[in-house]
Every structure is written in C-alpha cells, then in structure tokens.
2 protein chains.
Amino acid sequence: MKSVVQRTGLSPHVIRVWEKRYGAVAPRRTASNRRLYSEAEVRRLLLLHAATKAGHSIGTIARLSDEQLRALTGWAEEPAALPPIVNGHTLPGDPSAGFLARALETVRRLDARAFESVLLGASLQLGCQGLLQKLIAPLVIKLGDLWCSGELTAAEEHFASGAIRNFLAGLSRPFTLPENAPALVVATPAGQVHELGAVLVAAAATSHGWRVTYLGTSLPAVEIAGAVWRTTARALALSLVYPADDAALPAELTTLKRALPASVAIVAGGRAAAAYRPTLEAIGATLAEDLPGLYAFLDSVRQPDGVTPSRS
Amino acid sequence: MKSVVQRTGLSPHVIRVWEKRYGAVAPRRTASNRRLYSEAEVRRLLLLHAATKAGHSIGTIARLSDEQLRALTGWAEEPAALPPIVNGHTLPGDPSAGFLARALETVRRLDARAFESVLLGASLQLGCQGLLQKLIAPLVIKLGDLWCSGELTAAEEHFASGAIRNFLAGLSRPFTLPENAPALVVATPAGQVHELGAVLVAAAATSHGWRVTYLGTSLPAVEIAGAVWRTTARALALSLVYPADDAALPAELTTLKRALPASVAIVAGGRAAAAYRPTLEAIGATLAEDLPGLYAFLDSVRQPDGVTPSRS
DNA sequence: CCAAAATAGACCAGACTTAGACAATCGCAA
DNA sequence: TTGCGATTGTCTAAGTCTGGTCTATTTTGG
C-alpha cells in the first residue's frame, strides 16, 4: 500500500526508515508482510512531515504523541481525508504560510501542477469546508479584484478559472449523495461572463449535500428556466460577477422569474449582485453575501422530506 | 459466453484468473462446462474492474460484497453496463455507438450523475485512448452538429460541456508526468466561444505525456502568446469550432504568430479549422483533422533534447 | 476439421521488504 | 578554522509477493 501512502508526499524509503530507526509509526502488516497504514497513521505521517519541514529534526519528534505534534505544527484540525486517488506530492512547506499568496504566485507562473499542489495541501490542512471558505472563496474574490484593476491578465484569469474548476470537480466527485438529495441549478444569466463564482457555488452546494446541475456562464433566461423545470430543481443559484451595469440584465431576470416554477427559490451572489439588488428583490431572490450566507439559504430551502445528512 | 462478457472490458484470461485465484465470481455452468454469467455477475465484474482501476488490488477486494464495492468506487447507481445485447451477434463493429446514444440521452435529461456513469462505463471498456477517440470525440462532434442545427439547446450544450470537462479533468489527474515533459498551451483565439474542443485536446495531450497549460476560450492573441512565453511551451494548440466566418480571426492569428517564439509549433483543429486554412498555412500551423492527427503532430514536435535521463 | 472455450501451469514485470552502504549536513570540541 | 561523530535522507542488492499474460492441451459445437 505504499502507492497510497504517497499522498503524504514522503518517499517510500523515508517512511520505512522513520519506522525502523525511530518507530515513528507501527503499521499493521498483511499476511505477506506488507505494510498496511491506517488513516490515523497517514495523518500522523503528514504531521511529522510538516514538523520536519518546519525545522524540527525527525529524531526528536518521532515519538511524540499526535497531540504534541499538532501543537508543534499549529495544525488546528484533523486534516480531512482526501480522495485517495491523488498521487501528487509536495506538502505545504509552512503550515502558517498564506495559501492565498502561494496560490496567486502559482497562477502568475501559469503552473498548473504547482497550483493544484497548493490547493491539495490546503484541502488537507483545512478540510473541504475550510478549503472553500478560507482559500477558494477569498482567492476567487482576489482574482476578481486583480482582474478588474488590470493587474491580472486575461490568460491568468482563464487559467485560474480552469484550474480551480478542475480541482473542485475532483473534490466533489467522492461525495455520494442520497437518492432524495434536493436539486439545485447553478448558472449565470446571459451577459455574465465570469464562471468562477458559479463553480464555487456548485462545489459548495455539492459538499453541502445537494445534487447540482451546473450550466455554466451566460445562458438566456429561457434556457435556465427550462433546465430548472427539467431537473425538478428546488432552487436556482445565480452568480453575478461582471459586468455590474448590464442594462439588459434586469429584464432578463424578470423573464427568468416568470418562466420559473413558483416554488423554486432563487439565490444570487457575487461581486455584482448588490448592483442589481432592486431587480433581485423584485423577483424574490435571496442575496447571499458569502458562503455561510449560501449555506443558510440552502438549509432554509431544503425541505424536511430529505434528512439532511450534512457533511463537513 | 465469453464474447458477450467482453462488455466488462476485461480479457477472458483475467476473468478466469479472478475466478480461480480469488473467487471473485462463481458463474453457473452449462452441461458442457461453459461459464454462464448472470447480469448481476457482469455488473460485479464491472465494479471490480472499476475498483482495480482506482488502485485497489484485486486480491483484497475480490471477496467484498457488491455493496462494499459500490461504496469503494463511489458508484451510487448501477454501473452503466453496455448495451443489453444478448445472444444476437450485434457486437463487434462499434460498442461505442451504444455509449454515444446513451450519453446523448443523459445530456437531454441534464442528468449529471447518469452522464458520468456512462462515461465511466465507457472508460472502463474502451480504455483511456478509446474513450477519447471513440466516445468523447464523436460526442463532441455530434453535440456540435446538433447545436448548429438547433436541435440542442444552449443549456444542454453548456451542461454537456461542463460535465465532459469535469470528467476529463478527473481522468487526467492520475497522470504522473516526468519532470521534463514537453509543455503545450491549449487555447481558443478571441471570438471562439466553444470550449469543448479545447478541453478534448487538453485531455488527449495530457494522456499523451504532455504538460498542458489550459487557457480556455476566447483569448486575445497577445495573451496566448504571453502564456506560451511564460510556460516555455514547445507547442500551441488552437481549437476553432465556431464561428467559422469570423473576419477578425485571420488578423488575430497573424498577430499571434508574430508574438510567438519562432520555435513554437502550432496546431489547429476543430470543425471550423478548415475554413481558416489559408491563414493557418500562412502562419505555419499544422491542421489536425482528428485525434490521431493531433497525436502525430505531438510526436513530431516532441524533441529529443529531453531524453529523460531518468535521474535529476 | 475448425473456432471457441475450458484447464493447468509457466512466465514475467512491477511493487514491496530487508539489510546495509553511502553522502550530505549539523553541532561541538579542539 | 578543522575534524569527528551523530543525524538523516537516499540508494543498491537480493529475495518475495502479486497479478496479468501466455502456452499447451483437451473438450465442445457447428
């Protein structure tokens, strides 16, 4: 099972040597003498790796308890288990370092692998929800800011878009949803060209137990409404990012409202959502400022027939 | 009944060995000792195939129950086994035709999970290359046709785009590229709004051992060129799908050519590529009609300077 | 008689295990 | 500063385990 253990970012040799010389871990063995690591041991190895990267020598920390290690590294929470398929490496060097800054730096370099590596490290350390709220959401906002002020090129923005999208797709895959999970349609109305917000919403809702139908950017109202009808969705999420002064959008939104089933709740978010507040209020949409706001909306809309097994 | 069992994508040898060594299945026998598989056993073999592809060793999972296997693979629903063909000899020509039809049907229903299920089943039976060449590529073309003729709504097109994109992202993730893999930039020039072709190219190139920087749709020439410079890419792939009569595109392409390093090879593909042939020839771009064409281009460009010394 | 399918066994590539050697690096004493 | 030992990561060699493939041979159905 060494290949699975590669998700610690350590080489097989190192893991064996740590076990033999310092008794850092004591994995079970199969009948044929192969090492079998428990989830807890994998996490312990991650902790040890982080601690050594932070400067502690392995010989002095190998026998410490998990609690002591956590205190040493400053890792707050048990890292959430990740999709076991990942084969990437390169842990976060500094537990305290800003993932945001490193993510931005990799975007600037257009280095997809390094970028994914940062996201992976963050997801290990922060957990799925933490990743979304503490890294992805701020990152999306930051990218939007930089793009608006011209400090980010279109290539960089597109690149980050695609990379985040792909990563979140992989993150959402392992979620097994109950058959009766409520359905949500995520889209951006015609004229809205930025995808990142919608992607973020889709991932958040999926991790929150919703069955998401993602439609992407710039769809006419009729199309969105049709999709809602066809998927019998309970709610519709709209991402409004740019432009913030589209004269045609209010009409689009009212058309959309008219074409929707009356029972469908609408939520809108994104940097430009506030700019369209009157129209949004007119069509009865909820405004979600941030991810907690989105979660609150989703919980309020989720009906009691589903038992809401929330994942965290 | 072994030929019918090929719909699991496994070789006859493997199926027999799994049965003999691990007791994975226990098919009934005819009077003359031939194996007779039930539908449930075929599905079980599919599950086992998926699980082994996901990295689990057959020896440890062969005795698990179907439920455990489903949990392991994350397949909520019954795997999309192949056409329910029975004794009728409908087999050899195109096992992919069935997948294509079913994929289209799930797109029509906007059912993301069913769609993924079809893609997953196809990837098992056809393999990675087969999936791309026999299902995804035709599917992309078909979707384009339907969209052009108005038989596909924008919502369906967007939905399929996103779903395929996500699936291919997951498919490419496990690839571990050598450090010196040649780099490729994939983009569509300004004005080109269809993403699917570019996504397909990106996945194909990744699976072919290239380090891909994916930039998405509708990027100005300067941006694309800048990305090529920064990633020190050896080649650039452009996807031209729609529109086929953009008057501004030739100028865009020549600008692009001028801004690129001279050593960078350009390849163009997509339904609209032929329409811009003169311009493409003028800038020295290769025209790739299909995936084999793309592979040929990639192989011809891959230089021997990185001979993979296998030691860094 | 031939194609297809069955069995038993050989075979091979790759991954894993152990033991030990080797090379950097660091701290500390002279 | 130099020298020396301890620490720590990496590498090699030889043997084992695992799992897919292949061959030889026999049986069956058309």
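Here is how names work: the chains are called A, B, and so on, in the same order as the sequence lines, proteins then strands, and each is numbered from 1. Predicted model, so just to flag it, every value in this text is computed and none were measured.
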Output for pair (B:R230 CZ, A:D111 CG), nearest 0.5 Å, gives 11.5 Å
A:E156 side, atom CD; A:L143 side, atom CG - distance, nearest 0.5 Å: 9.5 Å
Gap between atoms [atom1] and [atom2], on [X] and [N] respectively (whole Å):
| X | N | atom1 | atom2 | value |
| --- | --- | --- | --- | --- |
| A:K20 | C:dT18 | NZ | P | 9 Å |
| B:I58 | D:dG20 | CD1 | C1' | 11 Å |
| B:L48 | D:dG19 | CG | C1' | 14 Å |
| B:I61 | D:dT18 | CD1 | P | 15 Å |
| A:Y37 | C:dA15 | OH | C1' | 14 Å |
| A:E19 | C:dA19 | CD | P | 11 Å |
| B:L10 | D:dT21 | CG | P | 9 Å |
| B:K53 | D:dG19 | NZ | C1' | 15 Å |

Phosphate OP1/OP2 of [N]: any [X] side-chain N/O under 4.0 Å:
| X | N | result |
| --- | --- | --- |
| B:R29 | C:dT7 | yes |
| A:S57 | D:dT8 | yes |
| B:W18 | D:dG20 | yes |
| A:S32 | C:dC16 | no |
| A:R35 | C:dT18 | yes |

Locate the shortest heavy-atom distance separating B:F167 from B:E116; write the atom from each residue and the value. CE1-O, 4.1 Å
Only one of B:T206, B:L196, B:V199 passes side-chain contact (heavy atoms from CB on, under 4.5 Å) with B:L168, and that residue is B:V199
Which nucleotide wins on minimum distance to the side chain of [X], given the candidates [options]?
| X | options | value |
| --- | --- | --- |
| B:R34 | D:dG9, D:dT10, D:dT28 | D:dT28 |
| A:N33 | C:dT18, D:dG29, C:dC16 | C:dT18 |
| B:R16 | C:dT17, D:dC11, C:dT7 | C:dT7 |
| A:Y22 | D:dG19, C:dT18, D:dT8 | D:dT8 |

5'-most contact on DNA chain D: B:V17 or A:G59, nearest heavy atom basis? A:G59
Test salt bridge (charged side-chain N to carboxylate O under 4.0 Å, His left out) on B:E41 and B:R35; report intermediate values, then the result. CA-CA 11 Å; B:E41 282 170 322; B:R35 289 175 175 82; over 6 Å; no
For A:T52, answer base if it contacts any base atom (sugar-phosphate contacts may also be present), sugar-phosphate if it contacts only those atoms, and nothing otherwise; contact means non-hydrogen atoms under 4.0 Å. nothing
Base, sugar-phosphate, or nothing: which does A:V14 touch, judged by heavy atoms less than 4.0 Å apart? sugar-phosphate
Side-chain donor/acceptor of A:R21 to base of D:dG9, under 3.5 Å: yes
Under the salt bridge (charged side-chain N to carboxylate O under 4.0 Å, His left out) test against A:E105, which residue among A:R108, A:R102, A:R109 passes? A:R109
